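Worksheet: the structure to be examined is printed underneath.
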Number of protein chains: 2
Amino acid sequence: MSTRERILDAAARVMRERGVAHATTKEIARAAGCSEALLYRHFDDKQGLFMAVLQERMPAFALPDDAAGTGTVEGNLVRLVGGLLDFYADSFPISASIFSSSTLLARHREAIAAHGAGPQVPHLRLQAYLEAERKAGRVRPDADVEAVARLLVGAALHHAFLVAFWGEGNAAEPGLGERLVAPVLPALLTG
Amino acid sequence: MSTRERILDAAARVMRERGVAHATTKEIARAAGCSEALLYRHFDDKQGLFMAVLQERMPAFALPDDAAGTGTVEGNLVRLVGGLLDFYADSFPISASIFSSSTLLARHREAIAAHGAGPQVPHLRLQAYLEAERKAGRVRPDADVEAVARLLVGAALHHAFLVAFWGEGNAAEPGLGERLVAPVLPALLTG
DNA sequence: ACGGTGTTAGTAAGTATTCACTCACACCTC
DNA sequence: GAGGTGTGAGTGAATACTTACTAACACCGT
(Lines give C-alpha, C1' and ligand atoms only; values in the text may rest on other atoms or scores of the structure.)
Protein backbone atom coordinates (compact mmCIF):
# COMPACT_ATOMS: atom_id res chain seq x y z
CA MET A 1 0.00 0.00 0.00
CA SER A 2 1.34 3.39 -0.93
CA THR A 3 2.23 5.88 1.74
CA ARG A 4 -0.51 8.17 0.60
CA GLU A 5 -3.06 5.41 1.12
CA ARG A 6 -1.63 4.64 4.56
CA ILE A 7 -1.99 8.27 5.54
CA LEU A 8 -5.56 8.41 4.26
CA ASP A 9 -6.46 5.26 6.18
CA ALA A 10 -4.86 6.60 9.33
CA ALA A 11 -6.61 9.95 9.03
CA ALA A 12 -9.98 8.29 8.42
CA ARG A 13 -9.42 6.01 11.40
CA VAL A 14 -8.55 8.86 13.74
CA MET A 15 -11.49 10.93 12.51
CA ARG A 16 -13.84 8.01 13.06
CA GLU A 17 -12.56 6.84 16.42
CA ARG A 18 -11.64 10.08 18.14
CA GLY A 19 -13.48 12.75 16.18
CA VAL A 20 -12.19 15.57 13.99
CA ALA A 21 -11.37 17.67 17.01
CA HIS A 22 -8.65 15.20 17.96
CA ALA A 23 -7.56 14.56 14.40
CA THR A 24 -4.43 16.71 14.66
CA THR A 25 -1.50 16.37 12.31
CA LYS A 26 0.54 14.83 15.11
CA GLU A 27 -2.13 12.24 15.90
CA ILE A 28 -2.60 11.31 12.24
CA ALA A 29 1.15 10.99 11.68
CA ARG A 30 1.43 8.74 14.73
CA ALA A 31 -1.42 6.57 13.48
CA ALA A 32 0.17 6.34 10.05
CA GLY A 33 3.56 5.56 11.55
CA CYS A 34 5.35 8.44 9.92
CA SER A 35 6.46 11.99 10.57
CA GLU A 36 4.21 15.00 10.39
CA ALA A 37 6.39 16.42 7.64
CA LEU A 38 5.53 13.50 5.40
CA LEU A 39 1.87 14.45 5.49
CA TYR A 40 2.80 17.64 3.69
CA ARG A 41 4.69 15.79 0.96
CA HIS A 42 1.40 14.18 -0.03
CA PHE A 43 -1.18 16.84 0.79
CA ASP A 44 -1.14 20.60 0.50
CA ASP A 45 -2.45 21.21 3.98
CA LYS A 46 -4.61 19.65 6.65
CA GLN A 47 -7.85 20.67 5.00
CA GLY A 48 -6.64 19.11 1.79
CA LEU A 49 -6.00 15.88 3.65
CA PHE A 50 -9.46 16.01 5.18
CA MET A 51 -11.02 16.64 1.81
CA ALA A 52 -9.17 13.66 0.35
CA VAL A 53 -10.46 11.51 3.21
CA LEU A 54 -14.00 12.68 2.55
CA GLN A 55 -13.74 11.94 -1.16
CA GLU A 56 -11.69 8.75 -1.08
CA ARG A 57 -12.52 7.11 2.23
CA MET A 58 -16.24 7.64 2.50
CA PRO A 59 -17.85 4.26 1.98
CA ALA A 60 -19.25 4.08 -1.51
CA PHE A 61 -22.98 4.07 -1.66
CA ALA A 62 -23.72 1.27 -4.10
CA LEU A 63 -27.27 0.22 -4.43
CA PRO A 64 -27.32 -3.22 -6.00
CA ASP A 65 -27.88 -2.97 -9.71
CA ASP A 66 -31.33 -1.95 -10.62
CA ALA A 67 -33.45 -4.94 -9.74
CA ALA A 68 -36.68 -3.36 -10.84
CA GLY A 69 -39.02 -5.95 -12.21
CA THR A 70 -37.18 -8.93 -10.75
CA GLY A 71 -37.91 -10.80 -7.54
CA THR A 72 -40.51 -9.13 -5.32
CA VAL A 73 -40.80 -5.46 -4.52
CA GLU A 74 -40.68 -6.28 -0.84
CA GLY A 75 -37.55 -8.40 -1.19
CA ASN A 76 -35.81 -5.76 -3.25
CA LEU A 77 -36.72 -3.02 -0.80
CA VAL A 78 -35.47 -5.04 2.15
CA ARG A 79 -32.17 -5.57 0.38
CA LEU A 80 -31.91 -1.89 -0.53
CA VAL A 81 -32.70 -0.78 3.00
CA GLY A 82 -30.12 -3.25 4.32
CA GLY A 83 -27.56 -1.58 2.08
CA LEU A 84 -28.63 1.82 3.37
CA LEU A 85 -28.26 0.72 6.98
CA ASP A 86 -24.70 -0.49 6.32
CA PHE A 87 -23.84 2.60 4.34
CA TYR A 88 -24.98 5.04 7.00
CA ALA A 89 -23.51 3.00 9.84
CA ASP A 90 -20.11 3.35 8.15
CA SER A 91 -20.36 6.91 6.95
CA PHE A 92 -22.24 8.70 9.70
CA PRO A 93 -19.35 9.39 12.08
CA ILE A 94 -17.33 11.10 9.37
CA SER A 95 -20.35 12.78 7.79
CA ALA A 96 -21.33 14.32 11.09
CA SER A 97 -17.85 15.65 11.62
CA ILE A 98 -18.15 17.77 8.49
CA PHE A 99 -20.56 19.99 10.39
CA SER A 100 -17.96 20.86 13.01
CA SER A 101 -16.38 23.43 10.73
CA SER A 102 -18.30 25.81 8.51
CA THR A 103 -15.31 26.18 6.20
CA LEU A 104 -14.80 22.43 5.86
CA LEU A 105 -18.51 22.05 5.15
CA ALA A 106 -18.39 24.78 2.51
CA ARG A 107 -15.40 23.23 0.74
CA HIS A 108 -16.93 19.80 0.85
CA ARG A 109 -20.21 21.13 -0.50
CA GLU A 110 -18.46 22.70 -3.47
CA ALA A 111 -16.35 19.64 -4.19
CA ILE A 112 -19.41 17.47 -4.07
CA ALA A 113 -21.58 19.68 -6.21
CA ALA A 114 -18.97 19.34 -8.97
CA HIS A 115 -19.31 15.54 -8.92
CA GLY A 116 -23.08 15.43 -8.80
CA ALA A 117 -22.67 13.52 -5.56
CA GLY A 118 -24.02 14.52 -2.17
CA PRO A 119 -26.31 13.43 0.60
CA GLN A 120 -29.37 13.49 -1.59
CA VAL A 121 -28.08 10.63 -3.72
CA PRO A 122 -29.32 7.72 -1.59
CA HIS A 123 -32.93 8.79 -1.51
CA LEU A 124 -32.89 9.78 -5.17
CA ARG A 125 -31.58 6.33 -6.07
CA LEU A 126 -34.19 4.62 -3.97
CA GLN A 127 -36.83 6.86 -5.48
CA ALA A 128 -35.63 5.95 -8.98
CA TYR A 129 -35.98 2.28 -8.14
CA LEU A 130 -39.53 2.80 -6.96
CA GLU A 131 -40.38 4.79 -10.05
CA ALA A 132 -39.09 1.96 -12.23
CA GLU A 133 -41.29 -0.46 -10.34
CA ARG A 134 -44.21 1.85 -10.79
CA LYS A 135 -43.56 1.99 -14.51
CA ALA A 136 -43.42 -1.82 -14.47
CA GLY A 137 -46.82 -1.85 -12.87
CA ARG A 138 -45.72 -3.41 -9.61
CA VAL A 139 -46.24 -0.21 -7.60
CA ARG A 140 -49.50 1.70 -7.44
CA PRO A 141 -49.61 4.62 -9.87
CA ASP A 142 -50.76 7.01 -7.14
CA ALA A 143 -48.00 6.10 -4.65
CA ASP A 144 -45.83 9.00 -3.47
CA VAL A 145 -42.51 7.27 -4.15
CA GLU A 146 -40.47 10.27 -3.09
CA ALA A 147 -42.07 10.32 0.32
CA VAL A 148 -41.56 6.57 0.71
CA ALA A 149 -37.91 6.90 -0.30
CA ARG A 150 -37.43 9.63 2.29
CA LEU A 151 -39.05 7.56 5.00
CA LEU A 152 -36.83 4.56 4.37
CA VAL A 153 -33.60 6.49 3.90
CA GLY A 154 -34.41 8.60 6.94
CA ALA A 155 -34.99 5.57 9.13
CA ALA A 156 -31.61 4.17 8.08
CA LEU A 157 -29.90 7.47 8.84
CA HIS A 158 -31.69 7.71 12.15
CA HIS A 159 -30.53 4.25 13.11
CA ALA A 160 -26.92 5.16 12.29
CA PHE A 161 -27.30 8.29 14.39
CA LEU A 162 -28.44 6.28 17.40
CA VAL A 163 -25.67 3.72 16.99
CA ALA A 164 -23.03 6.43 16.66
CA PHE A 165 -24.37 8.13 19.75
CA TRP A 166 -24.57 5.10 22.02
CA GLY A 167 -21.40 3.45 20.81
CA GLU A 168 -20.76 0.35 18.79
CA GLY A 169 -22.63 -1.85 21.23
CA ASN A 170 -26.14 -2.10 19.83
CA ALA A 171 -25.14 -2.05 16.20
CA ALA A 172 -26.80 -4.91 14.36
CA GLU A 173 -30.53 -5.20 14.77
CA PRO A 174 -31.61 -8.29 12.91
CA GLY A 175 -34.77 -7.95 10.90
CA LEU A 176 -34.73 -4.17 11.06
CA GLY A 177 -34.84 -3.88 7.29
CA GLU A 178 -37.95 -6.04 7.08
CA ARG A 179 -39.66 -4.16 9.88
CA LEU A 180 -38.98 -0.79 8.28
CA VAL A 181 -40.18 -1.86 4.87
CA ALA A 182 -43.38 -3.55 6.03
CA PRO A 183 -45.34 -0.42 7.04
CA VAL A 184 -44.91 1.28 3.66
CA LEU A 185 -45.86 -1.75 1.57
CA PRO A 186 -49.63 -1.27 1.74
CA ALA A 187 -49.19 2.20 0.28
CA LEU A 188 -47.02 0.86 -2.53
CA LEU A 189 -48.37 -2.43 -3.68
CA THR A 190 -51.08 -2.74 -6.22
CA GLY A 191 -53.93 -4.52 -4.77
CA MET B 1 -30.31 38.55 31.31
CA SER B 2 -27.56 37.19 33.48
CA THR B 3 -24.00 37.06 32.23
CA ARG B 4 -24.04 33.30 32.32
CA GLU B 5 -27.03 33.28 29.99
CA ARG B 6 -25.37 35.75 27.67
CA ILE B 7 -22.30 33.52 27.46
CA LEU B 8 -24.43 30.45 26.78
CA ASP B 9 -26.31 32.25 24.03
CA ALA B 10 -23.08 33.47 22.48
CA ALA B 11 -21.49 30.03 22.61
CA ALA B 12 -24.55 28.38 21.10
CA ARG B 13 -24.62 31.01 18.37
CA VAL B 14 -20.97 30.53 17.47
CA MET B 15 -21.32 26.75 17.53
CA ARG B 16 -24.31 26.93 15.23
CA GLU B 17 -23.02 29.48 12.79
CA ARG B 18 -19.35 28.63 12.52
CA GLY B 19 -19.10 25.10 13.90
CA VAL B 20 -17.46 23.79 17.05
CA ALA B 21 -14.05 23.86 15.41
CA HIS B 22 -14.19 27.66 15.33
CA ALA B 23 -15.88 27.97 18.70
CA THR B 24 -12.72 29.08 20.50
CA THR B 25 -12.74 30.80 23.85
CA LYS B 26 -11.66 34.01 22.19
CA GLU B 27 -14.45 33.83 19.62
CA ILE B 28 -17.09 33.05 22.23
CA ALA B 29 -15.91 35.86 24.49
CA ARG B 30 -16.03 38.28 21.59
CA ALA B 31 -19.57 37.17 20.72
CA ALA B 32 -20.63 37.53 24.35
CA GLY B 33 -18.97 40.93 24.61
CA CYS B 34 -16.77 40.04 27.54
CA SER B 35 -13.29 38.87 28.37
CA GLU B 36 -12.14 35.28 28.06
CA ALA B 37 -11.40 35.21 31.77
CA LEU B 38 -15.05 35.76 32.54
CA LEU B 39 -15.92 32.51 30.80
CA TYR B 40 -13.92 30.74 33.47
CA ARG B 41 -15.74 32.49 36.29
CA HIS B 42 -18.92 30.81 35.16
CA PHE B 43 -17.68 27.47 33.75
CA ASP B 44 -14.95 25.11 34.84
CA ASP B 45 -13.46 24.76 31.40
CA LYS B 46 -14.35 24.90 27.75
CA GLN B 47 -15.86 21.44 27.72
CA GLY B 48 -17.97 22.41 30.71
CA LEU B 49 -19.27 25.38 28.76
CA PHE B 50 -20.03 23.16 25.79
CA MET B 51 -21.84 20.70 28.03
CA ALA B 52 -23.93 23.50 29.48
CA VAL B 53 -24.84 24.64 25.97
CA LEU B 54 -25.87 21.10 25.06
CA GLN B 55 -28.02 20.77 28.15
CA GLU B 56 -29.49 24.26 28.36
CA ARG B 57 -29.57 25.53 24.78
CA MET B 58 -30.75 22.50 22.86
CA PRO B 59 -34.29 23.20 21.71
CA ALA B 60 -36.70 21.31 23.88
CA PHE B 61 -38.49 18.53 22.17
CA ALA B 62 -42.08 19.01 23.23
CA LEU B 63 -44.66 16.87 21.60
CA PRO B 64 -48.01 18.53 22.05
CA ASP B 65 -49.86 17.00 24.95
CA ASP B 66 -51.08 13.56 24.32
CA ALA B 67 -53.78 13.97 21.75
CA ALA B 68 -54.52 10.27 21.53
CA GLY B 69 -58.19 9.72 20.91
CA THR B 70 -58.95 13.27 19.79
CA GLY B 71 -59.14 14.62 16.28
CA THR B 72 -58.01 12.22 13.59
CA VAL B 73 -54.95 10.00 13.70
CA GLU B 74 -53.75 11.50 10.45
CA GLY B 75 -54.17 15.06 11.69
CA ASN B 76 -52.37 14.28 14.92
CA LEU B 77 -49.51 12.57 13.11
CA VAL B 78 -49.08 15.47 10.72
CA ARG B 79 -48.88 17.85 13.66
CA LEU B 80 -46.39 15.61 15.46
CA VAL B 81 -44.21 15.23 12.39
CA GLY B 82 -44.33 18.99 11.89
CA GLY B 83 -42.99 19.38 15.42
CA LEU B 84 -40.27 16.87 14.69
CA LEU B 85 -39.21 18.72 11.55
CA ASP B 86 -38.89 21.96 13.50
CA PHE B 87 -37.09 20.27 16.36
CA TYR B 88 -34.47 18.62 14.18
CA ALA B 89 -34.02 21.69 12.02
CA ASP B 90 -33.08 23.62 15.15
CA SER B 91 -31.04 20.99 16.93
CA PHE B 92 -29.20 19.19 14.17
CA PRO B 93 -26.27 21.59 13.74
CA ILE B 94 -25.37 21.38 17.42
CA SER B 95 -26.20 17.70 17.71
CA ALA B 96 -23.88 16.88 14.85
CA SER B 97 -21.08 18.81 16.47
CA ILE B 98 -21.09 16.44 19.43
CA PHE B 99 -19.57 13.82 17.19
CA SER B 100 -16.53 15.96 16.49
CA SER B 101 -14.95 14.93 19.77
CA SER B 102 -15.10 11.48 21.29
CA THR B 103 -14.54 12.89 24.77
CA LEU B 104 -17.32 15.46 24.39
CA LEU B 105 -19.62 12.73 23.10
CA ALA B 106 -18.76 10.49 26.04
CA ARG B 107 -19.41 13.24 28.57
CA HIS B 108 -22.67 14.18 26.91
CA ARG B 109 -23.76 10.55 26.81
CA GLU B 110 -23.18 10.15 30.53
CA ALA B 111 -24.89 13.42 31.39
CA ILE B 112 -27.85 12.45 29.29
CA ALA B 113 -28.15 8.91 30.59
CA ALA B 114 -28.57 10.37 34.08
CA HIS B 115 -31.57 12.41 32.93
CA GLY B 116 -33.26 9.66 30.99
CA ALA B 117 -33.01 11.98 28.00
CA GLY B 118 -31.23 11.28 24.74
CA PRO B 119 -31.77 10.94 21.04
CA GLN B 120 -34.14 8.01 21.42
CA VAL B 121 -36.74 10.19 23.13
CA PRO B 122 -38.46 11.54 20.02
CA HIS B 123 -39.23 8.18 18.48
CA LEU B 124 -40.21 6.69 21.83
CA ARG B 125 -42.67 9.53 22.34
CA LEU B 126 -44.13 9.10 18.90
CA GLN B 127 -44.30 5.36 19.48
CA ALA B 128 -46.12 5.95 22.77
CA TYR B 129 -48.68 8.10 20.98
CA LEU B 130 -49.27 5.39 18.41
CA GLU B 131 -49.62 2.77 21.11
CA ALA B 132 -52.21 4.90 22.86
CA GLU B 133 -54.14 5.17 19.62
CA ARG B 134 -53.87 1.43 19.18
CA LYS B 135 -55.26 0.90 22.64
CA ALA B 136 -58.06 3.30 21.75
CA GLY B 137 -58.85 1.13 18.73
CA ARG B 138 -57.97 3.74 16.14
CA VAL B 139 -54.83 1.93 15.00
CA ARG B 140 -54.73 -1.66 13.78
CA PRO B 141 -53.73 -4.10 16.53
CA ASP B 142 -51.12 -5.72 14.29
CA ALA B 143 -49.43 -2.45 13.27
CA ASP B 144 -45.70 -2.22 14.03
CA VAL B 145 -45.88 1.14 15.76
CA GLU B 146 -42.18 1.16 16.58
CA ALA B 147 -41.23 0.78 12.94
CA VAL B 148 -43.66 3.51 11.94
CA ALA B 149 -42.28 5.83 14.61
CA ARG B 150 -38.76 5.21 13.36
CA LEU B 151 -39.76 5.92 9.77
CA LEU B 152 -41.36 9.24 10.60
CA VAL B 153 -38.68 10.41 13.03
CA GLY B 154 -36.00 9.28 10.63
CA ALA B 155 -37.49 11.22 7.74
CA ALA B 156 -37.57 14.37 9.89
CA LEU B 157 -33.94 13.88 10.91
CA HIS B 158 -32.96 13.21 7.32
CA HIS B 159 -34.60 16.41 6.18
CA ALA B 160 -32.72 18.39 8.83
CA PHE B 161 -29.51 16.74 7.69
CA LEU B 162 -30.07 17.83 4.10
CA VAL B 163 -30.99 21.37 5.12
CA ALA B 164 -27.91 21.67 7.35
CA PHE B 165 -25.75 20.41 4.52
CA TRP B 166 -27.04 22.65 1.76
CA GLY B 167 -27.47 25.75 3.88
CA GLU B 168 -30.49 27.61 5.12
CA GLY B 169 -31.83 28.12 1.62
CA ASN B 170 -34.25 25.27 1.03
CA ALA B 171 -35.53 25.08 4.58
CA ALA B 172 -39.28 25.06 4.63
CA GLU B 173 -40.99 22.52 2.43
CA PRO B 174 -44.70 23.07 2.72
CA GLY B 175 -46.81 19.97 2.95
CA LEU B 176 -43.85 17.77 3.77
CA GLY B 177 -45.47 16.54 6.98
CA GLU B 178 -48.59 15.44 5.14
CA ARG B 179 -46.59 13.71 2.42
CA LEU B 180 -44.49 11.80 4.94
CA VAL B 181 -47.47 10.68 6.98
CA ALA B 182 -49.61 9.55 4.05
CA PRO B 183 -47.63 6.44 3.05
CA VAL B 184 -47.75 4.88 6.52
CA LEU B 185 -51.46 5.46 7.06
CA PRO B 186 -52.70 2.35 5.24
CA ALA B 187 -50.55 0.22 7.57
CA LEU B 188 -51.93 1.98 10.63
CA LEU B 189 -55.58 2.63 10.11
CA THR B 190 -58.24 0.11 10.87
CA GLY B 191 -60.17 -0.76 7.82
C1' DA C 1 -23.47 59.30 58.24
C1' DC C 2 -19.19 56.91 57.73
C1' DG C 3 -15.27 54.17 57.46
C1' DG C 4 -14.09 49.18 57.39
C1' DT C 5 -14.71 44.69 55.55
C1' DG C 6 -15.98 41.40 52.46
C1' DT C 7 -18.20 39.88 48.02
C1' DT C 8 -19.33 39.99 43.28
C1' DA C 9 -18.41 41.07 38.46
C1' DG C 10 -15.13 42.05 35.49
C1' DT C 11 -10.60 42.53 32.97
C1' DA C 12 -5.61 43.19 30.98
C1' DA C 13 -1.90 40.78 30.59
C1' DG C 14 0.06 37.22 30.90
C1' DT C 15 1.88 31.55 30.70
C1' DA C 16 2.37 27.07 29.06
C1' DT C 17 1.10 24.23 25.63
C1' DT C 18 -0.45 22.73 21.34
C1' DC C 19 -1.17 23.55 16.68
C1' DA C 20 -0.24 23.54 11.59
C1' DC C 21 3.39 23.93 8.96
C1' DT C 22 8.64 24.44 7.23
C1' DC C 23 13.36 23.44 6.29
C1' DA C 24 17.79 21.63 6.11
C1' DC C 25 19.45 17.43 5.64
C1' DA C 26 19.87 12.05 5.10
C1' DC C 27 18.90 7.92 2.53
C1' DC C 28 17.96 5.42 -1.42
C1' DT C 29 17.47 4.05 -6.42
C1' DC C 30 18.41 4.82 -10.97
C1' DG D 1 24.41 13.15 -8.91
C1' DA D 2 19.68 13.96 -9.41
C1' DG D 3 15.30 13.26 -7.82
C1' DG D 4 12.04 11.01 -5.01
C1' DT D 5 11.07 9.57 -0.10
C1' DG D 6 11.53 10.48 4.47
C1' DT D 7 12.70 12.80 9.04
C1' DG D 8 14.34 15.65 13.44
C1' DA D 9 14.17 19.77 14.95
C1' DG D 10 12.40 23.43 14.82
C1' DT D 11 8.93 28.20 14.03
C1' DG D 12 5.33 31.57 14.70
C1' DA D 13 0.73 31.68 15.70
C1' DA D 14 -3.17 30.32 18.23
C1' DT D 15 -5.27 28.15 22.10
C1' DA D 16 -6.98 27.09 26.74
C1' DC D 17 -6.45 28.62 30.97
C1' DT D 18 -4.42 31.66 35.15
C1' DT D 19 -3.01 35.44 37.79
C1' DA D 20 -3.10 39.75 39.78
C1' DC D 21 -5.68 43.33 39.80
C1' DT D 22 -9.83 47.09 39.88
C1' DA D 23 -14.43 49.09 40.38
C1' DA D 24 -18.85 48.72 42.32
C1' DC D 25 -21.72 47.42 45.77
C1' DA D 26 -23.72 45.42 50.09
C1' DC D 27 -23.53 44.90 55.02
C1' DC D 28 -22.48 46.41 59.64
C1' DG D 29 -20.76 48.37 64.02
C1' DT D 30 -20.11 52.84 65.79
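Lettering follows sequence order; numbering is per chain, from 1. Note: hydrogens, waters and symmetry copies are ignored here, and every other heavy atom, side chains too, is used. Computed from a prediction, not measured in an experiment: that's the story for all the values here.
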Dump every N/O contact between nucleotides 19-21 of chain D and the protein below 3.5 Å, one line per pair.
{"from": "D:dA20", "atom 1": "N6", "to": "B:Arg41", "atom 2": "NH2", "distance (Å)": "3.1"}

Protein and nucleotides 16-20 of chain C: nitrogen or oxygen contacts under 3.5 angstrom:
{"from": "C:dA20", "atom 1": "OP1", "to": "A:Lys46", "atom 2": "NZ", "distance (Å)": "2.4"}
{"from": "C:dA20", "atom 1": "OP2", "to": "A:Thr25", "atom 2": "N", "distance (Å)": "2.8"}
{"from": "C:dA20", "atom 1": "OP2", "to": "A:Thr25", "atom 2": "OG1", "distance (Å)": "2.8"}

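Regarding B:His42, its NE2 atom lies at a distance of 12 Å from the C1' atom of C:dT11, rounded to whole Å. One atom, CD of B:Glu5, and another, P of C:dA9, lie 13 Å apart when rounded to the nearest Å. Between the CD1 atom of A:Ile7 and the P atom of D:dG6 there is a distance of 8 Å, given to the nearest Å. At whole-Å resolution of the value, CD1 in A:Ile28 and C1' in C:dC21 are 13 Å apart. Atom CG in A:Leu39 sits roughly 15 Å away from atom P in D:dT5 (whole-Å rounding). Look at CD on A:Gln47: it is 14 Å from C1' on C:dC21, rounded to the nearest Å. Taking atom NE2 of residue A:His22 and atom P of nucleotide D:dT15, one finds them 17 Å apart after rounding to whole Å. Regarding A:Leu38, its CG atom lies at a distance of 14 Å from the C1' atom of C:dC21, rounded to whole Å.
Using a 4.5 Å cut-off on side-chain heavy atoms (C-beta onward), B:His158 and B:Leu180 make no contact. Contact annotation: the side chain of B:Leu84 approaches that of B:Leu126 to within less than 4.5 Å [non-hydrogen atoms, C-beta and beyond]. Looking only at side-chain heavy atoms (C-beta outward), A:Phe92 and A:Val163 stay at 4.5 Å or farther from each other. A:Phe50 places none of its side-chain heavy atoms less than 4.5 Å from the side chain of A:Ile94.
Within a heavy-atom distance below 4.0 Å of DNA chain D, no residue of residues 99-110 of chain B is found. For DNA chain D, none of the residues of residues 13-20 of chain A falls under the heavy-atom distance limit of 4.0 Å.
Closest approach of B:Phe165 to A:Arg109, counting heavy atoms only: O-NH1, 2.8 Å. A:Met58 approaches A:Ser91 most closely through the heavy-atom pair CE-CB, 4.1 Å. When all heavy atoms of A:Ala111 and A:Gln55 are compared, the pair lying nearest together is CB-OE1, 3.9 Å. For the pair B:Gln47 and B:Thr103, the tightest heavy-atom approach, listed with the atom from each and the gap, is NE2-OG1, 2.8 Å. The minimum heavy-atom distance linking B:Leu104 with B:Met51 is given by the pair CD1-SD, 4.0 Å. Summarising the geometry of A:His22 relative to B:Ser101, their closest heavy-atom pair is NE2-OG, 3.3 Å, with the distance given to 0.1 Å.
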Less than 3.5 Å apart, which donor and acceptor atoms pair up between the side chains of residues 32-41 of chain A and the rest of the protein, not counting sequence neighbours?
{"from": "A:Ser35", "atom 1": "OG", "to": "A:Leu38", "atom 2": "N", "distance (Å)": "3.3"}
{"from": "A:Glu36", "atom 1": "OE1", "to": "A:Thr25", "atom 2": "OG1", "distance (Å)": "2.8"}

Would you mind writing out the side-chain donor-acceptor pairs for residues 8-17 of chain B within the sub-3.5 Å range, not counting sequence neighbours?
{"from": "B:Asp9", "atom 1": "OD1", "to": "B:Arg57", "atom 2": "NE", "distance (Å)": "2.6"}
{"from": "B:Asp9", "atom 1": "OD1", "to": "B:Arg57", "atom 2": "NH2", "distance (Å)": "3.2"}
{"from": "B:Arg13", "atom 1": "NH2", "to": "B:Ala31", "atom 2": "O", "distance (Å)": "3.2"}
{"from": "B:Arg16", "atom 1": "NH1", "to": "B:Asp90", "atom 2": "O", "distance (Å)": "2.6"}

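The pair A:Glu110-A:Arg107 does not count as a salt bridge, with every side-chain nitrogen at least 4.0 angstrom from each carboxylate oxygen.
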